[in-house]
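Encoded as structure tokens, the structure appears first; notes follow it.
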Amino acid sequence: MADKQKFYITTAISYPNGAPHIGHAYEVVASDAIARFKRIDGYDVFFMTGTDEHGLKIQQTADKSGTSPKAFVDDMAAKFQAMADRLNCSYDRFIRTTDADHLPSTQELWRRMQEKGDIYLSKYSGWYSVRDEAYYDEAELTKQPDGSWRAPTGTPVEWIEEESYFFRLSAYQDRLLAHYKDHPDFISPETRRNEITSFVRSGLQDLSISRTTFNWGLPVPGDPKHVMYVWIDALNNYVTGCGFPNESDPRWNYWPADVHIIGKDIVRFHTVYWPAFLMSAELPLPKRVFGHGFLLNKGEKMSKSVGNVVDPFGLADTYGVDQIRYFFMREVPFGQDGNYSHEAIVNRINADLANDLGNLAQRSLSMIAKNCDAAVPQPGAFTQADQDMLWLADALPAKTRAAMKDFALHTTLAEIWAVVAEANRYFASQEPWLLRKTDPARMNTVLYVTAEVLRAVGILAQPFVPEAAAKLLDLLAVAPEGRGLAAVGPEHRLTAGTALPQPAPIFPRYLEAEAS
Ligand code: ME8
């Protein structure tokens, strides 16, 4: 364990000011797939997700619902955690910014930035959007027919004046640009890197980092009438989770994070503010930040105000957890925006899962059960076709590792399902059901090769469809310690004669409910 390479992955922490939506589900599922992939590739993984519970927006939502902010977030955070659990996400910690260890951690970050001379007290006035928790320049605003002003995001803004602490972000412009240049992988996909680089090049203003107009936040050390700007509080969750500031905490070994998985709308916070705070506090920077795209419902961004939020629990109930996970990761190239529709989900479930993988497993394993004494058949010499089929399966770890290095989840699944497609062609062309009578020894070989391909596919599919993959590996009697990527290939082939359980379907077809 001690010498396993470490891998620390985080999602953004969600605002629990409303129930979780499909965008939240998408992010945590994708991150979970990466975490699981790294685990089966032998890494010591720490995977963290959670909720971002302070700020004016939460305070106002709680006020409106007639509860205290704490009672409100306790209730909502439980829903976010339940969603991650429902979607079978294997997080190691669900962090809440109201957790007891987050206050001392964030106050220590503040102190370190202050000691560096990067924090000063001044006055702030400007157009503020409560919904975005951000100030906007006047030039960015648009006037509404009723005379009010709106932010570029479409949210209402109001004029606010307050005493505020500032962070000397302007002092970090050159160091940030140098960091992007020296670490071309720091921001991805590349389009995001280009956007951020030109944003920083155009000049950075110092950042207002405290508020006095409300109190639902972490108090500024030594000046508790100020609460910290919610983004300092939020971003710092990533080091709180590693035990900061206690650098002798064993979790500290996970820092710096290998990747922060976040949505494209918050890349600026993670690749400009966050690294500048860390540079100021003299802490190592995360290795990578990946900004995924948005999942759109009929082409529109989902949001509570638009009223087109899709409930992830409902999706899981309707289609199944593995099915939804597969759809998210296969349908949308990770990094780009994607569309969700009932037809697209059903098509993926029935074509890729039920037909391609489910049927192949069911047909081949049933034949084994009936004709091979319910045990792994004894193969004869491999033909070229057998060998080619096995090689394709054996090549999966290398191919998928290469794709996963850049978080290309869709490519990884395409690689795995290309082998499934090839296995279907192999099975159809070898016609083992005819060999049963004409050449049973050859039938055994074909069934063995098919089972061996299913073993590789089962191992590789675990990060994406964990429950179905586990079922498949159980049907092949693969021991728990034989389920890592290292077990794919000739050295760990199925042993002839191993007893197999009674086959059972792994992916049912999705049948349309009767129109009501
Ligand atoms: O931004 N499709 O929280 P949040 C895909 N608390 N991803 C989406 C999405 C969609 N339709 N809608 C939102 C916050 N997201 C802050 C983060 S991190 C220190 C603080 C993504 O609840 C969004 O991009 O608004 C973000 O990564 C995550 O969901 C949480 O969004």
Side-chain angles (χ1 to χ4, degrees), residues 9-31 48-58 61 73 76-77 79-81 83-84 87 89 94-98 102 105-106 109 129-134 153 155 192 217-218 228-241 257 259-275 277-278 286 289-312 315 324 327-329 331-340 409:
I9 175 168
T10 68
T11 65
I13 48 171
S14 309
Y15 288 128
N17 63 321
H21 56 65
I22 196 175
H24 297 121
Y26 178 63
E27 184 171 297
V28 72
V29 160
S31 307
M48 193 164 75
T49 186
T51 39
D52 178 4
E53 304 188 355
H54 292 124
L56 184 54
K57 192 156 51 178
I58 300 278
T61 316
V73 293
M76 277 297 173
K79 295 197 168 109
F80 278 82
Q81 187 162 5
M83 178 193 71
L87 297 174
C89 292
F94 188 94
I95 193 168
R96 301 179 52 188
T97 53
T98 51
H102 188 57
S105 164
T106 313
L109 179 84
S129 158
V130 173
R131 242 188 266 164
D132 299 347
E133 310 249 18
T153 51
T155 59
R192 311 267 173 256
L218 299 178
M228 294 185 206
Y229 175 41
V230 72
W231 272 100
I232 293 206
D233 172 343
L235 289 161
N236 196 62
N237 91 84
Y238 302 130
V239 290
T240 300
V259 64
H260 295 316
I261 301 288
I262 55 160
K264 62 180 184 178
D265 56 329
I266 55 172
V267 173
R268 191 184 290 187
F269 296 96
H270 283 78
T271 58
V272 182
Y273 299 174
W274 181 225
F277 299 158
L278 290 167
V289 175
F290 187 95
H292 62 72
F294 271 79
L295 214 52
L296 308 169
N297 187 356
K298 300 189 191 87
E300 280 177 17
K301 183 175 157 176
M302 257 155 296
S303 82
K304 281 180 285 287
S305 53
V306 180
N308 60 355
V309 175
V310 176
D311 168 32
L315 282 180
I324 285 301
F327 173 79
F328 283 166
M329 294 179 274
E331 185 79 0
V332 186
F334 200 48
Q336 294 175 28
D337 290 342
N339 274 292
Y340 146 85
L409 302 170

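Order of listing sets the numbers, starting from 1, for every ligand and every atom in it.
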Considering only heavy atoms, which of [options] lies nearest to [atom]?
atom	options	result
atom 9 (C) of ligand 1	Y340, F328, F294	F294
atom 22 (O) of ligand 1	H24, E27, E53, K57	H24
atom 4 (P) of ligand 1	Y15, Y26, Y273, W274	Y15
atom 7 (N) of ligand 1	K264, R131, H292	H292
atom 17 (C) of ligand 1	I58, T49, I13, V267	I13
atom 2 (N) of ligand 1	L295, T97, N237	L295

With a 4.0 Å heavy-atom cut-off (strictly under), which part of F269 contacts ligand 1: side chain, backbone, both or neither?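 It is neither; nothing of F269 touches ligand 1.
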Over all heavy atoms of both residues, which pair between [X] and [Y] is shortest? Give the atoms and the distance, please.
X	Y	value
A77	P16	N-CB, 4.3 Å
Y26	V332	OH-CG1, 3.7 Å
M83	P20	SD-CB, 3.6 Å

Evaluate G263 for polar contact with ligand 1, using N/O atom pairs at a separation under 3.5 Å.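 Checking ligand 1 against G263, an N or O pair does fall under 3.5 Å apart.
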Just by distance, do the side chain of E27 and the backbone of A12 share a donor-acceptor pair under 3.5 Å?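 Flag set: sc E27 to bb A12 pair under 3.5 Å.
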Taking H102 for the side chain and D233 for the main chain, is one N or O donor matched with an acceptor at less than 3.5 Å?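 Flag set: sc H102 to bb D233 pair under 3.5 Å.
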Please list, in number order, the atoms of ligand 1 under 4.0 Å from a heavy atom of [X].
X	result
I262	27 (O)
H21	9 (C), 12 (N), 13 (C)
D265	23 (C), 24 (O)
S14	3 (O), 22 (O)
A234	19 (C)
W231	16 (C), 17 (C), 18 (S), 19 (C), 20 (C)
D52	6 (N), 16 (C), 20 (C)

Within the 6.0 Å centroid threshold, strictly below: F334 and F290: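 Close enough - the centres of the two rings lie under 6.0 Å apart.
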Examine F328 together with H292 and report whether their ring centres are nearer than 6.0 Å.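 No, too far apart.
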State, yes or no, whether a side-chain contact exists between T51 and Y15 at a heavy-atom distance under 4.5 Å.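 Sidechains of Y15 and T51: no contact.
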Are any non-hydrogen side-chain atoms of L109 and V239 less than 4.5 angstrom apart?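 A side-chain contact is absent here, since even the closest heavy-atom pair is not under 4.5 Å.
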For side-chain contact (heavy atoms from CB on, under 4.5 Å), just list the numbers for F94 and T49, CA-CA rounded to whole Å, side-chain angles, deciding distance to a tenth of an Å, and then say yes or no. CA-CA 5 Å; F94 188 94; T49 186; 3.8 Å; yes
Below 4.0 Å from ligand 1: does a non-hydrogen atom of [X] turn up there or not?
X	result
H260	no
Y238	yes
G293	yes

Could you tell me whether the side chains of S31 and T11 share a donor-acceptor contact shorter than 3.5 Å?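 The criterion, which ignores hydrogens and geometry beyond distance, is not satisfied for T11 and S31.
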